[in-house]
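Report on the structure given below.
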Amino acid sequence: MTIEVKQLDRVVIRFAGDSGDGMQLTGDRFTAETASFGNDLSTLPNFPAEIRAPAGTLPGVSSFQLHFADHDILTPGDAPDVLIAMNPAALKANLKDVPRGRTLIIDTADFTARNLKRIGYDENPLETGELEAYHVVPLNLTGMTVESVKEFGLSRKDASRAKNMYALGLVSWLFQRPVESTITFLQTKFASKPDIRDANIAAFRAGYNFGETAEEFSVRYEVKPASMATGTYRNISGNLALAYGLVAGAQRAGLPLVLGAYPITPASDVLHELSKLKRFNVTTIQAEDEIAGVGAALGASFGGALGVTTSSGPGISLKSETIGLGVMLELPLVVCDIQRAGPSTGMPTKTEQADLLQVMFGRNGEAPLPVLAAQSPADCFAIAIEAARIAVTYRTPVIVLSDGYLANGSEPWQIPVIEDLPTIDPNFTVEPNATDDKGAPKYLPYLRDPETLARAWAIPGAAGLDHRIGGLEKEDKTGNISYDPANHDLMIRTRQAKVDAVARSIPPLEVDDPDGTAKVLVLGWGSTYGPIGAGVRRVRKVGGKVAQAHLRHLNPFPSNLGDVLKSYDKVLVPEMNLGQLAMLLRSKYLVDVVSYAQVRGMPLGAAELAEVIGNLVEETAGIDDDARQLGSAAAALAHGEALADQNGHLNTEGAR
Amino acid sequence: MSTVELGMPSLPGGLKGVPAATEPQNRKEYVSDQEVRWCPGCGDYAVLAAFQGFLPELGIKRENVAMISGIGCSSRFPYYLSTYGMHSIHGRAPAIATGLAVSRPDLSVWVVTGDGDALSIGGNHLIHTLRRNVNLKILLFNNRIYGLTKGQYSPTSEPGKVTKSTPMGSVDNPFNPVSLALGAEATFVARTVDSDRKHLTSVLRAAAEHRGTSFVEIYQNCPIFNDNAFEAFKDPETRDDAIIPLVHGEPIRFGTDGRLGVVRDGFASLAVREVADLPGGEADLVVHDAHTEDPAYAFALSRLTDGGVLHRAPIGVFRSVERPAYDDLVRQQITTAQEAQGTGDLQALVTGSDTWTVD
């Protein structure tokens, strides 16, 4: 049989199974294969907070979605073109996201009456016809896996564990992925367990060969490498990029890095990664609690290190008092908030950006500090260096906002040349910086640089510069305790002015407004960058005029932000909260921005944003509600880009 | 999960790695220019004077001393010493000092705290610092009352104590700070009294010389809100019967004319007896061994402290044993990693092993 090869421009694929089925690993491997092939890609892991939720249940379903393309893409995709469902629960939990006509590859092994009943199926959906709108490929993946590894003499339970590798092999064949890296990976990962290693490799190969020999598939697909700027690339997740960025920031400042942290989802991976990097003079302290984590970081900063703490919203709440102390002490401190769905414990593994107001204002007294937000997984690297620059230069705690979507998602990253990164000057004070009444040299710890307003920073061990600092209000320049009313007012205003001064060191906000005639600006921050960009592209494709800008600096804002806002008739601010940036913009600039707020624990969808943006563009142009079509056309375009033909097979036509 | 052998860094002495002073120092050099603002008669004055007098003895550079405190009357201490200092936030000094000590082996780091700061709001940091054995010296000023907030009962106040917040008497059972520290397996635990400068200084010296966390409880009088809480230990009429002196290598004997002593009593406990009533006389007394590895011995000693209003308590070094300090181990791992893998090529790290090139 000749197998036809079809060219696709982009594919969204989702692996779904039980939490114990290894779906995240499968997704990671498929991503690595895809990255090494040279596609542009974006990923969305989605898993329950429970380590092993009861097998076969809906809450226990774990999934990994990957969007890969031959062109520049911005999101993990709204809807899968291919769903690999390893059990009935995975099918049921994910089916609603799969548009009709797309492909379902289903492991039928667990489709027993008992399992089906458990998740509310009275009849077997494979037999009722309810899936007939899809291209269904039912396969006994588990059975075939067990068969393929029987020579290794494993128990059926152990043998069936390799089913994820069988599925990966099959899908790797279907999309012509290079498989060498996965085999090498399995050889290394299971080096100490030869039978498990060999079984996984055998299952992976068997899955690949099944695609080749069985007649289930009449076509294979090819997504050509994307044309990207020249350079060397790797795939990187947000948390790894953040860890590397923190190390780079410390190195460019010539300071040792000290991380104080307490494990919390979804931030723990930053602790794990930094713990491996001791050779870079990185110290990691797994503290007894969140408060001790930030305390140890601040103590290290007092000693002249770059103190860093990493956490998520609940942990940031606990750290607030110490961050306030950092504001008062005016010492460098980098606080990373990998946001998750709140309030309280919320949904630990789900994403959200509802900590903005907490980090802006969640401290007692007037306690301003710079706030930054990464816009994509790879941007976490650059934003960490920027945080180190501001913290060290201005002697202040700096908050870095990431979120679960950026932390676990990944994308190709053009590897930077470390030597080309800017250096950061701690500018330690090593000699007395003033004289007393009698002309004797002395040290004033709160003497400020006139440009940055940063205070002098002498560290223990510097002779003649010993001084005492603390959380009590200080006298200007000397840092001595002061309850003087005028001095307090001066110090409050000076600390605010120092944070405001950071704006002079950051680039103006860039607006993407292709021909300069758009009346609507879409302004976002953080991880909504990808979905907003994808929504904007769709609107432009159907003829809408819209401008886009994205904030990486949230306090202070770029100095041209007010002018940018006032130069558009309407400003749309999509956020995964109830309008927190919108509130800040309204209060600071008196601009009545339009808030688009969705708080579902999931990234915003490109299609929904396309609809909202399209509608606003037409509303701004005075088009009546019932005459509007731009939004629906733009939203439909997402599905118009769909890659399946009428028979449910993937195709490349559609939106081209 | 697996474990590895950490090895024991051989770092004798709490001041190893701290640069020595090039010239002799005097007390005055350690007095800062700030006006001391404790209440008249506060026990803190005596501790401050003793500490300022003791610091020059250490023979280390003044700029390599760092004092970290929390919140409370005692926590104003750093302002009055011309060393590096941080007056931090309530209860958190041990955590902050841990970060400093880990990153700066060339500093002598001291934590100054009180019974409310260390045992109430900061209890968690205290026990974890003690179990880790960070090379810090913790001075806990215990006045058994909240002074700075004007007189509420503290976690060391005796049961039934009538204060502003407990008009019918406090119903809390108090901590015995020494027992608590020993329960956390602290490697150096001592108790002293603010008014006994000689003893206080000797304990401070032993604490400074210990590698790891030194925990020193100082009975400190608050003349405003809890005056005479330790009167039994100060009044010449009563003090001989109140103070159970712990001297390493000596039988534990005290009281007027040495009439009292400490003997083993049942399973893992100790008791005070009239020496005259003992069949073997002094030979039956426990000879104090602060180096006893099992903390149960020192714990039993700590239980000789009165439960309510204090009339009797052991004073001295309860326990002084060797265990690798946390910060030494942390630094050793960095050194080991650098010896094995070099000091780290950041370009190679960020590049990783799975790359592709677009021409």
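All chains are named by letter (A, B, ...) in the order of the sequence lines, taking the proteins before the strands, and each is independently numbered beginning at 1. Everything quoted here is computed from the prediction, not taken from an experiment.
Between chain A and the options Ile68(B), Val65(B), Leu81(B), heavy-atom pairs under 4.5 Å are most frequent for Leu81(B). In terms of heavy-atom pairs under 4.5 Å with chain A, the best-connected choice from Gly122(B), Gly99(B), Pro78(B) is Gly99(B). Contact count versus chain B (heavy atoms, under 4.5 Å) is highest, among Ala292(A), Ala287(A), Pro460(A), Ala463(A), for Pro460(A). The choice from Ile236(A), Val417(A), Val258(A) that makes the most heavy-atom pairs within less than 4.5 Å of chain B is Val417(A). The greatest number of non-hydrogen atom pairs below 4.5 Å with chain B, out of Gly324(A), Ala305(A), Gly470(A), Gly231(A), is found for Gly231(A). Interface summary for chain B: among Gly464(A), Gly461(A), Pro256(A), the most heavy-atom pairs under 4.5 angstrom belong to Gly461(A). Listed options Ala95(B), Gly91(B), Gly85(B) were ranked by heavy-atom pairs under 4.5 angstrom with chain A; first place goes to Gly85(B). Of the listed residues (Ala462(A), Gly307(A), Pro412(A)), the greatest number of heavy-atom pairs within a distance under 4.5 Å of chain B belongs to Ala462(A).
The CE atom of Met86(B) sits 5.0 Å away from the CG atom of Leu298(A) when rounded to the nearest 0.5 Å.
Of the two parts of Leu325(A), only the side chain, counted from C-beta on, holds a non-hydrogen atom closer than 4.5 Å to a non-hydrogen atom of chain B. Phe381(A) touches chain B through its side chain: at least one heavy atom from C-beta onward sits under 4.5 Å away, while N, CA, C and O do not. Using a 4.5 Å cut-off between heavy atoms, Pro225(A) makes no contact with chain B at all. For chain B, the nearby part of Ala229(A) is the backbone; its heavy atoms alone come within less than 4.5 Å. For a residue to count as touching a neighbouring chain, one of its non-hydrogen atoms must lie under 4.5 Å from one of that chain's; by this rule Ile415(A) touches chain B with the side chain only. For Val350(B), the parts sitting under 4.5 Å from any heavy atom of chain A are the backbone and the side chain alike. For chain A, the nearby part of Leu107(B) is the side chain; its heavy atoms alone come within less than 4.5 Å. For Leu277(A), the part lying under 4.5 angstrom from a heavy atom of chain B is the side chain only. Neither the backbone nor the side chain of Ile127(B) comes within less than 4.5 Å of any heavy atom in chain A.
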Donor-acceptor pairs under 3.5 Å, chain B to chain A, main chain and side chains both?
unit_1    : atom_1 : unit_2    : atom_2 : d
Gln34(B)  : NE2    : Asn480(A) : OD1    : 3.3
Arg62(B)  : NH1    : Asp466(A) : OD2    : 3.1
Glu63(B)  : O      : Gly461(A) : N      : 2.7
Leu81(B)  : O      : Arg468(A) : NE     : 3.4
Thr83(B)  : O      : Arg468(A) : NH1    : 2.9
Tyr84(B)  : OH     : Ile459(A) : O      : 3.3
Tyr84(B)  : OH     : Ala462(A) : O      : 2.7
Tyr84(B)  : OH     : Leu465(A) : O      : 3.4
Gly85(B)  : N      : His467(A) : O      : 3.1
Gly85(B)  : O      : Ile469(A) : N      : 3.1
His87(B)  : N      : Ile469(A) : O      : 2.8
His87(B)  : O      : Gly471(A) : N      : 3.1
Arg104(B) : NH1    : Gly303(A) : O      : 2.8
Arg104(B) : NH1    : Pro460(A) : O      : 3.0
Arg104(B) : NH2    : Pro460(A) : O      : 2.6
Asn124(B) : ND2    : Asp289(A) : OD2    : 3.1
His125(B) : ND1    : Glu288(A) : OE2    : 2.9
Arg132(B) : NH1    : Glu288(A) : OE1    : 2.8
Arg132(B) : NH2    : Gln286(A) : O      : 3.4
Arg132(B) : NH2    : Glu288(A) : OE1    : 3.0
Gln338(B) : NE2    : Arg279(A) : O      : 3.2
Gln341(B) : OE1    : Arg279(A) : NH1    : 3.1
Gln347(B) : OE1    : Ile418(A) : N      : 2.7
Gln347(B) : NE2    : Pro416(A) : O      : 3.0
Val350(B) : O      : Arg234(A) : NH1    : 2.9
Trp356(B) : N      : Tyr233(A) : O      : 2.9
Trp356(B) : O      : Tyr233(A) : N      : 2.7
Val358(B) : N      : Gly231(A) : O      : 2.8
Val358(B) : O      : Gly231(A) : N      : 2.9

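Considering only heavy atoms from C-beta on, Phe302(A) stays 4.5 Å or farther from Ile96(B) through its side chain.
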